[in-house]
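One structure below.
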Amino acid sequence: MILEVDKVVKGYTQASKKLDVLDGLDLQIERPKSIAILGKSGSGKSTFLSLLGGLDRPDEGKIVVNGQNITAMKESELAKYRAENIGIVFQQFHLMKTFTALENVMLPLEILKKENPREKAMKALEQVGLADRANHFPHQLSGGECQRVAVARAIAPEPKIILADEPSGNLDTETGESVMNMIFELCQRRESVLILVTHDTDLARSCDQIYELSSKKLKAI
Amino acid sequence: MTVLKIAFRDLVNSRGFTALFLFNLFLGICGFVTLHSFRDNVNSLLDQRSKQLLSADVAVSGRRTLTKEETQGINDYLKDKAVEVMDSIEVYSMSKSKDKRSRLVQIKAVEKSFPFYGEVKLEKDTSDMEGLQKKSHIWVEPQLMAQMKLELGDPLSLGDKTFKVMGVIENDTSTSLRGIGLAPKVYVGLSNLKETNLISFGSVSTNVKLVKLLPEWEKKAEQVKLELGKILKDPGLRIRLPKDASEQVGRILNYLSDYLGLVGLVALFLSGIGSGYLFQNFLFEKLEDIGILKSLGMSLGQISMIYFLQLGVLSLASVLGANVFVWSILPLIGDALSTWTGMSGELKLGWETVYLSYLVAFGASLFICAPILLKMVGRKIQNLFQGGQFFRWEFEKRDLLLYAPLALFMWGLAVAQAHSFKIGTFFTLVLFIVVIIVSLGFPVLFSFMDKRWLTKKNLTRPLSLSWGLAARYFSRDRLSSTLTICALAIGVMLLSLIGQLETSLREELEQDVGRKPDLFLFDIQEYQKDGLVALAQEEGFSLRSPSPMVRSRILKINGEKFKRSEKEDEAFSTREEETSRRFRNRGINLSFADGPNESETIIEGRPFSGRYEDESKPAELSIERRYARRLGLEIGDTVTFEILGIEVQGVVVNLRRVRWTSFLPNFFIVFQPGAIDDAPKTYLAAVDSLTEEQRYAVQDKIVDKYSNVSIVSVTEIVSKIMNIFKAMAQALTIMAGLCLSIGFFTLYAITQNQLKKKRFEAAIQKVFGFSPGQLLKTLLAEYFILATLACVIGLGFSVVLGQVVSIIFFDGVGRPDWMFMLKIGVGVYAVTFLIAIASGRSFYSLKIKSLLS
Ligand SMILES: Nc1ncnc2c1ncn2[C@@H]1O[C@H](COP(=O)(O)OP(=O)(O)O)[C@@H](O)[C@H]1O
Ligand SMILES: [Mg+2]
């Protein structure tokens, strides 16, 4: 079992009003594959991803990744878990502006103290086809190129799980498609789990399995 | 009107920017307003007191007795203009108590109607001017009572006569700067001075005629001065009006406030940098708005109007604040002024200061921010919509033109603040050179370092991941890094420089303490010289060879007549003009010697050829180099002197450098031996190496035998100079401290501005596994680099400048004060880290989830 989500509850309190976003959500993934999560805006997709990524904690229930219960982890363990197991691709790329493309990809490798971070980062950049732009800064790259750098950054440490939150949302259709194809291909080659959040049903169909988040739960379609 | 509405809504919505900008400009203007107001008040207090300082409407003074014709001329001229004319004489002399203690005093012999204005108030009103005229009465200043352990009624000898102390002076309106004079004052009745036999040839006495004009002539004092000047042709005689008297006193304080003014200008400049940065960031966030307004058809002028309006409101608010603040601390300044100078009076915030502060505030913010605004507003709509994210601050050649008005503005302010074209221009040039080096040099340096050490390396280089990241942040965010370094480095430099100068001066004064004389003797009469040498041998103290002093005045230079300056009444004169004018109108003391003494070196020309023999040729002269520059003298020039009515010609053969702090007898002009040896003269001499007890014992012995010889304690003078300088250094340090605070405030403002960006990047790092500890380490590493660079640059410059100044002014190389620099360094690191930690605190509680939206 790679991933096991068990009766997770998550809500937000705002202005003394409690808003339940996820309630009793379950999910099991046994072997590497790609899954898509569809859902209306505001249905809690990003919230769910943030729980998987260890960016936030559930109110109830537990999440077990590779036998580790991440809901019981301390903040410092969580940081280590994130670095080793999870790669995240954001809708807004979130690259460090003062760092070159290569340095952005190197960052997680260096934090993990991996051997030969340079070479590994270069290879990841090659895989997204940006080897020749390695020393460019984000402001010198187009939106699609920035997202490809972000993808390279997410896959470079070879994580077991890649979380992608509407990665093509900020790109035009064509660029978005090519970035998506790249993500699919890389995940397949590296045998990692891809959890893709999208509201594009066509895109979702390219995944091994499709879920929909509605009424605070995941339903397989 | 939409423009107004948008302008105010923006300001209210960007409260952070508004507050930072206001406070920053406020700090800068505060320094300026405080100084201007200080100067203004000093001058107006002096103005009010000027008649009391002079104690008359007009005073004619000279270092000789007036001739019969001169006196006659004055009396004839003043017959129908003056209420009364009285004489007074000032002379330095030793006083002796009954237990043979001796001290140098400044005797002021006055008539019973003294002073025409003001008062000499005694403790417990033990006497009055009428009483002072009695045979043996004197009044003394309290410090002399303490020094000589005197009681009221005790005897005190001056010259050949013994007096009785009948009054202790509590307040004397004719004393300008309390405690700064060479010696304490003693009042004597004018008719009693003669019996002291102190007024012999060569004694340093000043004869003063004090005039009280009729009311209708009081207003025409300027005319009286001019006409008296025509009657008294000798430029060695000074004719002074109340305002001249106060100018003399004001000069010292104005010197101080001039330099304070320049430091204040640096503060203003720094706060300008900070404000400019803030404004630019503010505009960055408004780029999209500007784009929208433009696309909706608003004209460039209207859009600019929005931001100029905001600038205007902000400047107005900060200058109002600064005025109110300074107004509220005026009593404090007044206290400082009165303890320091004895001048008291209510300080006011003058209109001129207020006007000027508005000019400065609006000028500074307009000239700094307008170029930024013009550059941004002028962009294409397309670029504007890309927002601040894609806007790169690039320096183009035409920016120089945009900033030219700022440069001119600064230059004008500097000249006005320093009251000197030369100093103001020099200051501006230095500032510009620094700015150009920094604004062009740092970016180049950073990108070089980046290419050389960072880009092609792992992120763990140099040192560790935290350092690697910090180094990259620092070298790549060039604008912020450059500005923060600048702001801090300039503050550090000023603070350290002032410390360096104080140390240099102290060391210079304390240097070779063993070799410095302890006592300095003057007014030694020619016939007393040999006796004094014998006394020294007898008593076993070492007397350095006495130097002759001949009084004269300069008649011609290269055959051209030296005249009383006509320009004296010009309203605005720069410091240089004033100084050279003062120099010219005075008599000059000459000496003669075989060559330079141990504190002198010839720096240009040749030594004397020996004794003066050939009377057909002018005698050879050696001139002190600064004095030569003042008079415009060069080697080969001829100077004609008048010594007691006889003309003597000399030709300059060399220029000398003099270490004045050696306190040996030194002269501006020295003749070769043989030329003026026969002229009437007195001698100066120095006595060496004594313990404190010996010092007074030797002094008492000399005075016992030669009552007319005046003796000053070099040690006392050195400590007096040090005290004055310390007070000045304190004032300067406060201003430099203000600069450094503004530097830190700029750092804080820039940090606040970057916080959003920094938090965002910290969140990304956290996603990839960075722990809060590592984040903090990275942040501290970045500020460590900043503090280190600021210290290295600031302290480095201060050492270099300190050396330059000490070479120019003290003819020596001072030793940098490492301890003081260390203290500054520690302080800078501490405050920088504090700011870093304060702004980094929010990183801990950071919700990285906010990255997903
Ligand atoms: N930090 C937060 N505080 C309060 N409410 C939040 C917060 N984050 C998200 N929400 C709310 O939770 C719900 C789910 O949000 P999200 O997970 O971002 O949805 P999605 O990604 O599916 O559009 C929304 O109604 C949103 O308003
Ligand atoms: Mg979302």
Side-chain angles (χ1 to χ4, degrees), chain A residues 45-51 53-57 75-88 90-100 102-113 116-119 121 134-135 137-140 150 153-154 156-157 159 163 165-166 197, chain B residues 386-393 446-447 450-451 454-461 464-481 754 756-758 760-775 778 782 844-853:
Chain A
K45 305 183 295 291
S46 295
T47 304
F48 180 50
L49 275 200
S50 76
L51 296 181
L55 307 183
D56 204 356
R57 292 167 190 278
E75 192 59 44
S76 55
E77 293 169 331
L78 214 51
K80 196 155 174 281
Y81 153 79
R82 259 194 318 259
E84 284 169 354
N85 297 288
I86 308 284
I88 305 182
F90 301 98
Q91 181 178 351
Q92 294 88 347
F93 328 144
H94 290 330
L95 296 178
M96 310 265 281
K97 289 189 192 66
T98 41
F99 286 58
T100 61
L102 182 63
E103 285 170 346
N104 263 293
V105 181
M106 275 160 72
L107 183 67
L109 297 170
E110 300 248 31
I111 291 175
L112 282 171
K113 303 200 174 70
N116 305 325
R118 234 187 139 64
E119 288 68 31
N135 285 327
F137 287 94
H139 68 89
Q140 295 165 322
R153 180 175 64 179
L163 307 175
D165 193 354
E166 304 187 36
V197 164
Chain B
Q386 288 178 341
Q389 204 177 338
F390 292 98
F391 185 88
R392 303 281 293 173
W393 188 254
F446 285 151
S447 82
D450 195 14
K451 288 221 174 69
L454 301 176
T455 313
K456 300 274 153 57
K457 299 276 165 40
N458 287 355
L459 292 176
T460 44
R461 300 280 295 279
S464 72
L465 191 55
S466 288
W467 285 98
L469 296 183
R472 282 167 179 81
Y473 281 145
F474 195 79
S475 67
R476 287 170 189 173
D477 195 352
R478 276 164 216 161
L479 183 66
S480 308
S481 302
Q754 287 185 312
K756 235 200 302 188
K757 196 177 89 198
K758 280 224 159 90
F760 164 76
E761 305 227 320
I764 298 177
Q765 285 167 308
K766 257 184 153 176
V767 168
F768 292 107
F770 234 41
S771 68
Q774 277 174 304
L775 279 175
T778 309
E782 195 186 338
Y844 287 114
S845 53
L846 197 69
K847 283 260 162 54
I848 36 181
K849 202 194 134 267
S850 59
L851 287 175
L852 290 165
S853 56

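Naming convention: chains lettered A, B, ... in sequence-line order (proteins, then strands); numbering from 1 in each chain. Just so we're clear, the structure is a prediction, and the values are computed from it rather than from any experiment.
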Reported CZ-to-CD distance for the pair Phe770(B) and Glu110(A), which is rounded to 0.5 angstrom: 10.0 Å
Under 4.5 Å from any heavy atom of chain B - which part of Phe99(A): both
Distance, nearest 0.5 Å, that separates CE of Met96(A) from CZ of Arg476(B): 10.5 Å
With sequence neighbours excluded, residues passing ring pair (Phe, Tyr, Trp, His ring centres under 6.0 Å) with Phe446(B): Phe442(B), Phe474(B)
Ala83(A) versus Phe768(B), closest heavy-atom pair with distance: CB-O, 3.6 Å
Contact origin within Leu95(A) toward chain B - heavy atom pairs under 4.5 Å: backbone
Residue pair Ile111(A) / Gln765(B): nearest heavy atoms and the distance that separates them: CD1-O, 4.0 Å
N/O donor-acceptor pair under 3.5 Å between Arg472(B) side chain and Thr100(A) backbone: no
Close side-chain approach of Leu469(B) to Leu107(A), heavy-atom, < 4.5 Å: yes
Any residue meeting side-chain contact (heavy atoms from CB on, under 4.5 Å) with Ala134(A), in chain and number order, not counting sequence neighbours: Leu102(A), Met122(A), Leu125(A)
